[in-house]
Amino acid sequence: MFLVGLTGGIASGKSTVSSQLKELGCPVIDADLVARKVVKPQSPAYRLILRHFGQEILLDNGEIDRQKLGQIIFSNPEKRRLLNSITHPEIHKEMFKQILLYFIKGYRYVILDVPLLFETRRLTRFLTHTVVVYCDPATQLSRLMQRDGLSQEEAEKRTGAQMPLKEKRGLASHVIENSGSREDTHRQVLRLHTKLEDSMEFLVVRVVAVAAVAGLGGLFLYTVRLLVS
């Protein structure tokens with residue numbers, strides 16, 4: 001099994017591409033959903049966030065108000081880095097558990113849907129392919145304003161807090177152009193899906209994994225013989 005990183009920018013259409021891949025039967029691990037899971041009340045990350053950001057970021061039911069926390073970190077890079085340092089290790093641990101489960105089930109590859117894939121770079125060394133969902137800046141801004149009901153100034157502040165899509169595009173091994181119609185995007189997703197399905201890279205990874213397990217098994221048996229001799 002090999003890993004494919006999927007990323008983009010706010011309002012670039014990454015969620016649309018991720019949904020289309022799921023409909024095609026691709027296993028997708030959504031870092032945003034994992035992020036919600038690891039900050040559930042009384043989790044280690046939840047307690048650290050409250051310690052640094054205070055009780056005022058909570059909803060009435062005790063859960064973290066993501067919108068309020070988002071407003072804080074988008075206007076303060078230092079606090080954004082602090083939040084990332086708390087949540088990212090927990091997110092990565094949970095994602096690893098899910099990857100292992102898919103590996104055991106025999107999937108050829110898994111798609112990791114990660115918004116900050118290139119910003120943090122913690123996962124890129126494990127990826128065989130990286131995919132960026134791109135749209136031009138004007139379209140991105142317009143979609144964000146319409147989707148979240150933001151002013152142009154507010155929308156520009158949010159897009160400005162992220163790595164520019166043009167820069168991400170240059171780092172990716174595959175690009176999905178999402179400035180046009182949904183149908184055009186879907187055609188590109190189908191081509192990507194076919195390429196990944198036809199790839200034999202998963203065999204290389206499995207051979208390495210089996211060899212590693214066999215090597216550990218041999219080392220274990222050798223150790224046992226030494227102990228009993």
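The analysis underlying the following values was restricted to heavy atoms, covering all of them including side chains, and did not include hydrogens, waters or symmetry mates.
- For Gln146, the CD atom sits in a loose shell: 12 or fewer heavy atoms of surrounding residues, nucleotides or ligands are nearer than 6.0 Å.
- Linking ILVMFWY residues whenever their side-chain heavy atoms come closer than 4.5 Å, directly or via other members, leaves Leu33 and Leu112 in distinct clusters.
- Without hydrogens or angle criteria, Asn61 side chain to Glu63 main chain gives a donor-acceptor distance under 3.5 Å.
- By the 6.0 Å contact criterion, CZ on Arg182 is open, its count of non-hydrogen atoms from other residues, nucleotides or ligands being 12 or less.
- One finds no salt bridge joining Glu56 and Lys68 here, because no Lys/Arg side-chain nitrogen approaches an Asp/Glu carboxylate oxygen to under 4.0 Å.
- A donor-acceptor contact shorter than 3.5 Å links the side chain of Arg47 to the backbone of Gln42.
- When the side chains of ILVMFWY residues are joined at heavy-atom separations under 4.5 Å, either directly or via intervening members, Ile99 and Val38 end up in a single hydrophobic cluster.
- Within a 6.0 Å sphere centred on NZ of Lys22, other residues, nucleotides and ligands contribute more than 12 heavy atoms.
- Ser12 places no side-chain N or O within 3.5 Å of a backbone atom of Tyr134 that could act as its donor or acceptor partner.
- Contact check on Lys37 versus Glu94 returns a salt bridge, with a Lys/Arg side-chain nitrogen under 4.0 Å from an Asp/Glu carboxylate oxygen.
- For the atom pair CZ of Arg143 and CG of Asp148, the computed distance is 13.5 Å after rounding to the nearest 0.5 Å.
- Between the side chains of His92 and Arg122, no donor N or O sits under 3.5 Å from an acceptor N or O.
- Under a 3.5 Å cut-off, the side chain of Thr128 and the backbone N or O of Phe2 do not form any donor-acceptor pair.
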Problem - Phe53 and Ile64: CA distance, side-chain angles, deciding distance, side-chain contact (heavy atoms from CB on, under 4.5 Å) verdict - result: CA-CA 10 Å; Phe53 291 88; Ile64 291 172; over 6 Å; no

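- Looking at Thr130, its side chain never comes within 3.5 Å of a backbone N or O of Gly5 through a donor-acceptor pair.
- Under 4.0 Å is where a charged nitrogen must lie from a carboxylate oxygen, and between Arg169 and Glu177 at least one such pair does.
- In the hydrophobic cluster analysis, where Ile, Leu, Val, Met, Phe, Trp and Tyr join through side-chain heavy atoms closer than 4.5 angstrom, Val132 is grouped apart from Leu144.
- Residues passing the side-chain contact (heavy atoms from CB on, under 4.5 Å) test with Phe74, sequence neighbours excluded: Arg158, Ala161.
- Taking the six-membered ring for Trp and thresholds of 30 and 60 degrees, His129 and His174 have ring planes inclined between 30 and 60 degrees apart.
- Ion pairing between a basic and an acidic side chain is recognised when a charged N comes within 4.0 Å of a carboxylate O; Lys93 and Glu90 show such pairing.
- At distances below 3.5 Å, not a single donor-acceptor pair connects side-chain atoms of Thr139 with backbone N or O atoms of Cys135.
- With hydrophobic clusters built from ILVMFWY side chains whose heavy atoms lie under 4.5 angstrom apart, Ile91 does not share a cluster with Leu116.
- Put simply, Leu3 and Leu171 are part of the same group of oily side chains (I, L, V, M, F, W, Y) that touch within less than 4.5 Å, one to the next.
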